[in-house]
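Counting starts at 1 for both ligands and their atoms, in listed order.
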Amino acid sequence: VMDMCGMAKQYNEAPHVEKNPWLATISVTRSSGLEKCKAAVITPHFVLTAAHCFNIDDEAHQIKVLTNDGKRYAVTNVISHPNYNVNAKKPKIAEFYDYDIALVEIGDKNKRTIKKEKIEFNPKVRPICIPCTEGTTRALRKKVAQTTCDEHEATLLKWGIVEAFFITEEDNELTRKDVTIKTGDQKPVCNRDALKAPLYINITDVSEVVSDRFLCTGGTEPHVDAFTCKGDSGGPLVINHRQRYIQVGVISWGVANLCINMNRASMTKSYARDFHTNLFKVLPWLESRLKDEGLSFL
Ligand SMILES: CO[C@H]1CCN(Cc2c(C)cc(C)c3[nH]ccc23)[C@H](CO)C1
């Protein structure tokens, strides 16, 4: 059975990397420069990230996965969601982020090694739980036989305001940024601010850019939420359920760019909303791509 997911050091003085052992960094080396994204470790062979971190002509050898223990892993394959297409609604909508999610497979197909290289777990590197797997049922302390995927969703994404966090890197330190997912009557209010993004000024129907696949965070009500920077793309949106950690989203895009080279503005804006690909909305794809990874989907 897979290692227990979503386990991390809890004591205050623990190193940040041991409090957030699932965070990984993706680097893509192109002739035009280096692009970096964040990712979450989910199995020894896969990390989960955003599809928009990659270009159609990126090849596996240009991509590396860095884990918290400093190890760099070669990549065998990038599997973006088949429905992701940033150009799908051009020219009216310059960038379209629906289904912005990808799995990055670890290993080096060039090496003739029989066993694929795999991520080595340790106190700094551990998998996070993903919804609708047996590991998450255990993490939620529910009965393995009777618990359904709907119960996971009802438990984790209750109607209303759901406390969550993402992990960012500031001064080479991992820090958690608290946000609230608007799942109730504030969801439309949150989604509507998408039209304040520079590229969406002329759009009138918010559902053209914010599909049902997104979770919406940010803004100043009911709490002042942290906001993402471009460099946070692909990182996990995490819920802490009684000291077990479950990923419910992948950071996709934000309305306002309040960061200059990852230096965050000191103040947020009420319309600084962030949109995350909701893992509950891409489960058939996740399950089909992770079927041999021992996750036991419900
Ligand atoms: C619709 O138009 C906007 C799309 C997103 N944008 C950049 C961006 C990406 C790509 C990813 C993450 C995580 C971001 N967090 C904050 C900004 C931001 C810019 C806005 O600045 C234009």
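Of the charged side-chain nitrogens involved, none lies within less than 4.0 Å of a carboxylate oxygen, so that K89 and E208 do not count as a salt-bridged pair. We find that E151 and K143 are not joined by a salt bridge, their nearest charged nitrogen and carboxylate oxygen being 4.0 Å or further apart. Salt bridge status for R264 with D232: present, with a side-chain N to carboxylate O gap under 4.0 Å.
Of the protein's non-hydrogen atoms, the one nearest atom 7 (C) of ligand 1 is K230 CG, 3.6 Å. Protein heavy atom at the shortest distance from atom 15 (N) of ligand 1 is T228 OG1, 2.8 Å. Atom 10 (C) of ligand 1 has Y97 OH, 3.6 Å as its closest protein atom, hydrogens excluded (heavy atom only). Nearest non-hydrogen protein atom to atom 21 (O) of ligand 1 is N257 CB, 3.2 Å. Here the protein heavy atom with the shortest distance to atom 22 (C) of ligand 1 is L199 CD1, 4.2 Å. Protein heavy atom at the shortest distance from atom 5 (C) of ligand 1 is G254 O, 3.3 Å.
Heavy atoms of C229 found under 4.0 angstrom from ligand 1 belong exclusively to the backbone. Residue contacts with ligand 1, taken as heavy atom pairs separated by less than 4.0 Å, involve V255 solely via the backbone atoms N, CA, C and O. Here S252 has backbone heavy atoms under 4.0 Å from ligand 1, and that is the only part of it that gets that close. Contacts between A256 and ligand 1 below 4.0 angstrom, taking non-hydrogen atoms only, involve the backbone exclusively.
Under a 4.0 Å criterion applied to the non-hydrogen atoms of A197, ligand 1 contributes the atoms 1 (C), 2 (O). Short contacts between ligand 1 and S233, defined as distances under 4.0 Å to a heavy atom of the residue, involve ligand atoms 11 (C), 12 (C), 13 (C). Residue-ligand proximity, E95 to ligand 1, at heavy-atom distances under 4.0 Å covers atoms 4 (C). Short contacts between ligand 1 and I251, defined as distances under 4.0 Å to a heavy atom of the residue, involve ligand atoms 13 (C).
Using modelled atom types, one finds a donor on one side chain and an acceptor on the other under 3.5 Å when comparing K38 with T25. Side-chain atoms of T180 and K182 form a donor-acceptor pair, as typed in the model, at a separation below 3.5 Å.
Polar contact check, Y200 against ligand 1: no nitrogen or oxygen pair lies under 3.5 Å apart.
At distances below 3.5 Å, not a single donor-acceptor pair connects side-chain atoms of D98 with backbone N or O atoms of S211.
In terms of heavy-atom proximity, C149 sits nearest to F280 at O-CE2, 4.1 Å. What you find for E293 and T43 is that their closest heavy atoms are OE1-OG1, 2.8 Å.
Contact annotation: D232 has no heavy atom less than 4.0 Å from any atom of ligand 1. Contact between F227 and ligand 1 is absent, with no heavy atom of the residue lying under 4.0 Å from the ligand.
With rounding to the nearest 0.5 angstrom, the CG atom of N77 is 11.0 Å from the CD1 atom of I106. Distance CD/E18 to CG/D69: 10.5 Å, rounded to 0.5 Å.
Relative ring orientation between W253 and F275 is described as parallel, the plane-to-plane angle staying below 30° on a 0-90° scale split at 30° and 60°.
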